[in-house]
Amino acid sequence: MSDFIRLILDDGLDTTMLVEPFRLGWVENESEVQLSHRLRAEEVGSEDIALVPAPEFSLLVDTHVVCPDIAVINSAFAAVSMRSLDRPDSFEEAVVSFNGTTATGELLARALIWPYFGIRVSRWIDGPDATAQITVVEGPEAIVDPEEGYAEDLGRAWFVMTGMHVVSHVVVVPRGCSAETLQVAIEPLRASQRVAHERRRELRLILDEKLGVPRDRFVSYFAQQQYQMGEPDRAAFAALMVKGAGGSRYLAISRIAYTDDVPVGEQNA
């Protein structure tokens with residue numbers, strides 16, 4: 001692996017506390033930092049380090065491992081909402097559309113709509129569709145109440161069903177990455193989260209204008225986030241893949257390779 005580092009960050013509501021300080025120039029780093037909205041595995045090169053929606057890792061298992069030092073974990077609720085004009089318990093069967101969701105939002109929906117809500121899905125549609133009885137939305141729209149109809153937070157539903165948090169994003173690291181290279185890439189992400197906390201009042205004013213949602217909603221959302229994976233979060237990550245990947249483009253992997261399983265730099269041995 002070369003010494004050149006490209007750090008690619010998924011740019012969305014979930015990752016705001018890690019991404020926004022880079023955008024605002026609050027963090028110094030030696031790497032090339034690229035922001036990508038709804039980042040997909042295909043955009044991550046074999047030598048890139050990336051903050052990706054967690055299920056995208058399943059398409060990178062041949063080239064990357066997960067670094068648990070930095071992640072995005074929603075411990076109380078997620079910015080993923082199931083919307084419908086009628087009460088969810090009035091449906092026996094429904095067409096479901098994904099409107100601007102990442103892989104995490106998609107797998108939450110697939111894991112929950114039948115097993116938790118008891119709604120059989122006759123068709124999944126990627127994108128807005130007038131024929132859909134249920135729409136899954138993600139991001140700022142998902143943390144505010146809809147003007148009409150019903151909303152169910154899928155992060156809260158996931159916790160009720162499984163007792164687990166939602167691992168929204170993980171950092172993927174190339175196999176064979178040296179410990180020194182990893183630290184050079186990861187430290188700016190740690191610094192970004194720290195400075196976002198230290199300058200949170202200033203950041204709230206910026207987000208107030210940028211997000212266009214009531215301040216109390218985004219403040220409470222970010223307050224429940226965690227940024228490092230513990231053992232329960234690893235189990236939650238695997239559970240989401242197993243329960244939600246069916247029918248999607250993602251792989252139902254249950255064994256996930258982490259940088260602390262095998263020392264970095266030895267993962268191709």
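Note that the structure is a prediction, hence the values are computed from the model and not measured. For reference, positions follow the sequence shown, starting with 1.
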Does Arg38 reach the main-chain N or O of Thr101 with its side chain, forming a donor-acceptor pair under 3.5 Å? yes
Out of curiosity, Leu189 CG to Arg194 CZ, how far, rounded to the nearest 0.5 Å? 10.5 Å
Is Leu107 reachable from Ile125 through a run of I, L, V, M, F, W or Y residues, each pair having side-chain heavy atoms under 4.5 Å apart? no
From His64 atom NE2 to Phe57 atom CZ, the distance as rounded to the nearest 0.5 Å: 9.0 Å
Any donor-acceptor N/O pair, Glu138 side chain to Val80 backbone, under 3.5 Å: no
Under 3.5 Å: donor-acceptor pair, side chain of Ser192, backbone of Leu18: yes
Between Arg110 and Glu106, is there a side-chain N and carboxylate O pair less than 4.0 Å apart? yes
Sub-3.5 Å donor-acceptor pair from the side chain of Asn74 to the main-chain atoms of Gln224, do we have one? no
Between Arg40 and Glu43, is there a side-chain N and carboxylate O pair less than 4.0 Å apart? no
By side chain to side chain contact (heavy atoms under 4.5 Å, CB included), which residues pair with Val121, not counting sequence neighbours? Val96, Ile113, Trp124
Which heavy atom of Ser168 sits nearest to which heavy atom of Thr104, and what is that distance? O-OG1, 2.8 Å
Looking at Ser178 and Thr181, would you say the former's side chain and the latter's main chain have a donor-acceptor pair under 3.5 Å? yes
Taking all non-hydrogen atoms of both residues, which atom of Cys177 and which atom of Ile49 are closest, and how far apart? SG-CD1, 4.4 Å
Are Arg255 and Asp261 within salt-bridge range, i.e. N to O under 4.0 Å? no
Regarding Arg83 and Glu147, does a basic nitrogen lie under 4.0 Å from an acidic carboxylate oxygen? no
Partners of Pro140 by side chain to side chain contact (heavy atoms under 4.5 Å, CB included), sequence neighbours excluded? Leu13, Leu211, Val213
Distance-only, no hydrogens or angles: does the Ser58 side chain make a donor-acceptor pair with backbone N or O of Tyr250 under 3.5 Å? no
Donor-acceptor pair, side chain of Trp158 and main chain of His165, under 3.5 angstrom: yes
Ala50: which residues meet the side chain to side chain contact (heavy atoms under 4.5 Å, CB included) condition with it, sequence neighbours left out? Ile8, Leu39, Val44, Val52, Val172
Is the shortest side-chain N to carboxylate O distance from Glu56 to Arg249 below 4.0 Å? yes
Starting from the C-alpha separation in whole Å, work towards a yes-or-no answer on side-chain hydrogen bond (donor to acceptor under 3.5 Å, both in side chains) for Gln225 and Tyr227. CA-CA 7 Å; Gln225 283 192 330; Tyr227 300 98; 2.6 Å; yes
side-chain hydrogen bond (donor to acceptor under 3.5 Å, both in side chains) between Asp129 and Thr131: does it pass, once the steps are laid out? CA-CA 5 Å; Asp129 192 286; Thr131 67; 2.3 Å; yes
Kindly indicate, with the supporting measurements, whether the criterion side-chain hydrogen bond (donor to acceptor under 3.5 Å, both in side chains) is fulfilled by Gln228 and Arg190. CA-CA 10 Å; Gln228 187 173 19; Arg190 293 194 183 104; over 6 Å; no
